[in-house]
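Just below is one structure, and these are the notes that go with it.
Keep in mind that this is a model prediction, so the values were computed, not measured.
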Amino acid sequence: LNSVLTTIFGANNISDFDYGFYLTQADAINNTNMIPSAQWGAYPGTSGQIVYFGAESLVTGATCRESVPVTLLQVPCTVTTPPNLVVCDDSSNDGFATFNLDPQTPIALGSNNPANYNVTYHTSLSDANGDLNAISPANSFTNSVNPQTIYIRLEESSNAANFTTTSFQLQVVSQPTVTISGTASICNGGSTNLTFTGTPNAQVNYTDGTNALQTTLNSSGTSVVSVTPTVTTTYSLVNAMITTPPGCTNPQTGSATVTVSSQVVGTLSYSPSSFCTSDLGTYSPSFSTTSVGSGSCASNVPTYTTTLS
C-alpha cells in the first residue's frame with residue numbers, strides 16, 4: 001500500500017497529514033478500523049479488492065477527512081529462464097558433479113526487485129509448485145542423474161500464492177579419452193601409420209619429443225596419421241580436448257615408438273664394362289657394400305634394374 005502514497009500526496013508534505021488505509025469508505029471518513037500500518041508494506045489482500053485511503057490536514061486544522069478508493073491488482077510473477085549449467089566431469093568420468101545454483105538466481109529474477117521475491121530450486125515440478133523440498137544448500141548440489149532438470153520457483157515475498165516456475169538442466173560432459181598405437185620398425189626413408197582411437201570429434205595433442213602435434217578424431221573416434229621419421233622417434237600423447245563448451249581437457253598417457261633402421265648402401269659394377277645384348281645372360285653386375293644396414297634393414301638385398309642404351 002505504501003507504493004501509492006507518492007501518487008496520492010503529489011507535491012504535498014506527507015508529514016502534514018494524518019492518514020491511513022481502511023476496508024470501507026465509511027471507516028476511511030470516520031478514521032475507524034484502520035488497517036495496521038505494519039501491513040502497509042505487505043498487505044495480504046486479493047487482486048481486485050478495493051481499500052480506501054483517508055486523510056485530513058494537520059496544518060489547516062480541517063475537521064473533515066477525504067477518502068480515495070485504491071484497487072489492489074496482483075501483478076503476475078515473471079521469471080527469466082537461465083541457461084543450462086554444463087561442466088566437465090572429473091577423472092572418474094562417472095557423470096556426477098557438484099553444481100553451484102546460486103548464479104542462476106539473479107538471472108531468474110531479471111528486472112524483479114530481489115527484496116520482493118524469493119527464488120528456490122527443486123528437483124521436480126510438483127515440488128516447485130507446492131513449495132516443497134527446496135534444494136539446500138543451493139551452492140553445493142550433486143546431480144542424481146545426467147542430465148538432470150532443475151525447477152525454479154519464483155514467488156512474491158509478501159504473497160506466496162503469487163508464483164511462477166521455470167527450469168534448466170544440469171549436464172556433466174564426459175572427459176575425452178584417446179589411445180595411440182603404431183609401434184613399428186621401418187627402414188630409413190620409409191613411412192608408417194599412427195592410429196589414434198577415442199572420443200569422437202575430440203582434438204588430440206601429442207608430441208614427437210621436439211614438436212607439438214595435433215590431430216582430430218572423426219565421428220567414429222579414429223584418426224590415422226602417416227609419419228616418416230628419419231631417426232627413431234617416440235610419439236607421446238599430451239591430452240584430449242573437446243573444443244565445444246564447456247571445453248573439457250583431459251591429460252593422457254600413452255606412446256608409440258617408430259624405430260628407424262639404416263638401409264644397406266653400396267655400388268654396382270660390371271665386368272666387362274661393355275657388352276652386347278646377347279651377353280645379358282652371361283654377365284651380371286656385382287654389388288659392393290659400402291655401408292651395412294641396421295636393425296630390420298640389415299638383411300635387405302638391394303635390387304636393381306638394367307636399362308640398355
Check the pair T222 / S220 against side chain to side chain donor-acceptor pair (under 3.5 Å), numbers first and verdict last. CA-CA 6 Å; T222 60; S220 298; 5.7 Å; no

With side-chain contact (heavy atoms from CB on, under 4.5 Å) as the criterion, how do T149 and L125 come out once you've worked through the C-alpha distance, each side chain's angles and the decisive distance to 0.1 Å? CA-CA 9 Å; T149 301; L125 180 58; over 6 Å; no

Roughly how far, to the nearest 0.5 Å, is [atom2] of [Y] from [atom1] of [X]?
X	Y	atom1	atom2	result
T78	N112	OG1	CG	4.5 Å
N201	T216	CG	OG1	8.5 Å
L58	S15	CG	OG	8.5 Å
E155	T164	CD	OG1	11.5 Å
H122	I152	NE2	CD1	9.5 Å
T81	Q104	OG1	CD	10.5 Å

For this output row, return yes or no: ring centroids of F141 and Y121 closer than 6.0 angstrom.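 No; Y121 has its ring centre 6.0 Å or more from that of F141.
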
Could you check whether F53 and F9 have their ring centres less than 6.0 Å apart?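 Aromatic pair counts; centres sit under 6.0 Å.
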
If you compare all heavy atoms of [X] against all heavy atoms of [Y], which two are closest, and at what distance to 0.1 Å?
X	Y	answer
P229	Y235	CB-OH, 3.7 Å
S174	I242	O-CD1, 3.7 Å
V260	C187	CG1-C, 4.4 Å
G95	N143	O-ND2, 3.0 Å
D89	S92	OD1-OG, 4.1 Å
P137	I135	O-CG2, 4.0 Å

Please answer: with hydrophobic residues joined when any side-chain heavy atoms are less than 4.5 Å apart, are [X] and [Y] in the same cluster?
X	Y	answer
V119	L101	yes
V172	M241	no
Y151	I107	no
Y52	F17	no
L194	V224	no

How far apart are the C-alpha atoms of T233 and V227, what are their side-chain angles, what is the distance that settles it, and do they pass the side-chain contact (heavy atoms from CB on, under 4.5 Å) test? CA-CA 10 Å; T233 302; V227 293; over 6 Å; no

Side chain proximity check, [X] to [Y], heavy atoms < 4.5 angstrom:
X	Y	value
L170	I150	yes
T120	F163	no
R153	D127	no
Y22	N30	no
I14	Y19	yes
V204	L237	yes
T165	V79	no
F96	N146	no

[X] side-chain N/O to [Y] backbone N/O, donor-acceptor pair under 3.5 Å:
X	Y	value
N250	A240	no
W40	I35	yes
S223	L217	no
N113	A115	yes

What do the steps show when you test Q214 against N205 for side chain to side chain donor-acceptor pair (under 3.5 Å), and what is the final call? CA-CA 5 Å; Q214 190 178 95; N205 295 301; 3.0 Å; yes

Using the side chain to side chain donor-acceptor pair (under 3.5 Å) rule, take T259 and T232 through it: C-alpha gap first, then chi angles, then the decisive distance, then the call. CA-CA 4 Å; T259 302; T232 296; 4.7 Å; no

Checking Q49 against L23 for the side-chain contact (heavy atoms from CB on, under 4.5 Å) test, could you report, in this order, the C-alpha distance in whole Å, the side-chain angles of both residues, the deciding distance, and whether it holds? CA-CA 9 Å; Q49 178 183 355; L23 294 179; 3.8 Å; yes

Test of understanding: with disulfide bond (SG atoms under 2.5 Å apart), list the residues that count as partners of C248, not counting sequence neighbours.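 C248: disulfide bond (SG atoms under 2.5 Å apart) contacts with C88.
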
For T234, which residues count as a side-chain hydrogen bond (donor to acceptor under 3.5 Å, both in side chains) partner, sequence neighbours excluded?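 Here the qualifying residues are T257.
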
Q148: side-chain hydrogen bond (donor to acceptor under 3.5 Å, both in side chains) partners, not counting sequence neighbours: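 With neighbours one apart ignored, the set is S144.
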
Do D27 and T32 have side-chain N/O donor and acceptor atoms under 3.5 Å apart?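 Yes, because at least one side-chain N or O of D27 sits under 3.5 Å from a partner of the opposite role on T32.
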
Are N162 and E156 linked by a side-chain donor-acceptor pair shorter than 3.5 Å?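 Result is yes, a qualifying pair exists.
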
For a side-chain contact (heavy atoms from CB on, under 4.5 Å) check, start with the C-alpha distance between T197 and T195, then their side-chain angles and the critical distance, and finish with the verdict. CA-CA 7 Å; T197 305; T195 300; 4.0 Å; yes

Any chance CD of E66 has more than 12 other-residue heavy atoms, nucleotides or ligands included, within less than 6.0 Å?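 Atom CD in E66 is not crowded, with 12 or fewer foreign heavy atoms closer than 6.0 Å.
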
